[in-house]
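Below: the structure, in structure tokens.
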Amino acid sequence: MLELEGLQVTYGTTVAVASLDLSVPDAGATALLGANGAGKTSTLRAISRLIPSKGRIMFEGKDVSRSAPEAVARRGLVHVPEGRRVFGALTVHDNLRVGATAKGGRKPVFALSDIYDLFPPLQRLRHRRCWMLSGGEQQMVAIGRALMASPRLLLLDEPSLGLAPNIVQSVYGALDQVKSRMPLLVVEQNATLGLELCDRAYVLLSGRLVLQGTAAELTSRDALLESYLGSTSMAAG
């Protein structure tokens, strides 16, 4: 589904991502783990073509390394950025409907009713403007809006960031259902959450790949993961 070959992202003289090789299959969920500043968000932004990069980005067999952001989005590579970025002036329902306009000719994967089933709190909030929502509710809307676009691959940047534990469990419970219907690439600082959801994970440290394997393999190497991610992120969630 997605192949990165020698991906490099720089900001001036600072190397944020250094020669990263990464593969995302066409089913299940893949995690990109690491502490704050490890290069995870830069990797997602490069994949979505929101920032320039070097190396090759292959999406469904096509080199999109020099494509415009709107071109990769039209191909079905849909990105839910950190910070949610919902349309605050629109209602929950209208935000979700906006997502459907981006699906192009792809068959719907999730209907509006499916989104409300995935995120039950949104049902009673459907006519509320999004600026009035909590951070957790906005995150549900952001993910739901992306799902309405019928992604071929869904990219999620820190979906648990800043959320209360009960909301995190709701969001990740929904993502556990989503991964059976489309592939996910999930950036997480919280290794426990990422490894519970995902089938395979990559670990970044200062922009470099330092560890990769199945979730089961990495879960059994807690001491090594703690050395990269920090004990607080391992304990969280």
Side-chain angles (χ1 to χ4, degrees), residues 2 4 7 9 11 16-17 20 22 24 28-51 53 69 73 77-86 95 99 118-119 130 133-147 149 151 153-176 178-179 182-212 215 218 225-226 228-237:
L2 178 73
L4 307 183
L7 183 75
V9 177
Y11 302 104
V17 182
L20 175 62
L22 181 150
V24 177
T30 301
L32 185 58
L33 307 175
N36 188 36
K40 307 183 304 297
T41 292
S42 293
T43 299
L44 282 201
R45 288 174 61 82
I47 293 169
S48 298
R49 305 309 308 136
L50 297 173
I51 56 174
S53 63
L77 207 163
V78 177
H79 186 166
V80 180
E82 180 184 333
R84 299 173 274 278
R85 302 182 191 178
V86 297
N95 264 273
L118 282 170
F119 300 111
C130 282
L133 304 182
S134 70
E137 292 161 350
Q138 289 185 1
Q139 184 67 288
M140 294 177 187
V141 172
I143 296 172
R145 186 180 63 191
L147 293 175
L153 172 63
L154 183 63
L155 310 179
L156 296 131
D157 193 355
E158 299 280 11
S160 70
L161 186 65
L163 304 186
N166 62 318
I167 301 298
V168 170
Q169 293 305 316
S170 295
V171 168
Y172 267 77
L175 293 178
D176 192 53
V178 170
K179 74 174 186 179
M182 66 179 59
L184 311 178
L185 176 58
V186 183
V187 156
E188 256 300 347
Q189 188 172 343
N190 187 317
T192 301
L193 283 173
L195 293 175
E196 286 177 351
L197 174 70
C198 296
D199 311 294
R200 185 171 182 82
Y202 295 80
V203 182
L204 293 183
L205 174 66
S206 299
R208 296 184 181 278
L209 179 64
V210 293
L211 193 62
Q212 62 177 298
L218 297 186
L225 277 172
E226 279 194 31
Y228 294 130
L229 305 179
S231 58
T232 56
S233 67
M234 285 296 298

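Because the structure is predicted, anything quoted here is derived from the model rather than measured.
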Approximate separation, where rounding is to 0.5 Å, of L185 CG and H79 NE2: 9.0 Å

Just wondering, do [Y] and [X] contact through their side chains at under 4.5 Å, heavy atoms?
| X | Y | value |
| --- | --- | --- |
| Q169 | L193 | yes |
| E188 | L197 | no |
| V186 | Y172 | yes |
| P183 | T30 | no |
| L7 | L22 | no |

Neighbour count above 12 (heavy atom, 6.0 Å) for N36 CG: no

V203/L205 under side chain to side chain contact (heavy atoms under 4.5 Å, CB included): CA gap, chis, key distance, verdict: CA-CA 7 Å; V203 182; L205 174 66; 5.9 Å; no

Steps toward side chain to side chain contact (heavy atoms under 4.5 Å, CB included) verdict (E82, L44): CA-CA 10 Å; E82 180 184 333; L44 282 201; over 6 Å; no

Heavy-atom donor-acceptor pair, [X] side chain to [Y] backbone, under 3.5 Å:
| X | Y | value |
| --- | --- | --- |
| Q189 | E158 | no |
| S53 | R49 | no |
| K179 | L184 | no |

Minimal non-hydrogen separation, L204 against K40, with atom names: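 Heavy atoms of L204 and K40 come nearest at CD1-N, 4.0 Å.
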
Stepwise side chain to side chain contact (heavy atoms under 4.5 Å, CB included) test for I143 and L118: CA-CA 10 Å; I143 296 172; L118 282 170; over 6 Å; no

Reference residue V9; test side-chain contact (heavy atoms from CB on, under 4.5 Å); the match among L20, T43, V17, T41: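 One option only clears the test, and that one is V17.
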
Working for side chain to side chain contact (heavy atoms under 4.5 Å, CB included), residues Q139 and V80: CA-CA 9 Å; Q139 184 67 288; V80 180; 4.0 Å; yes

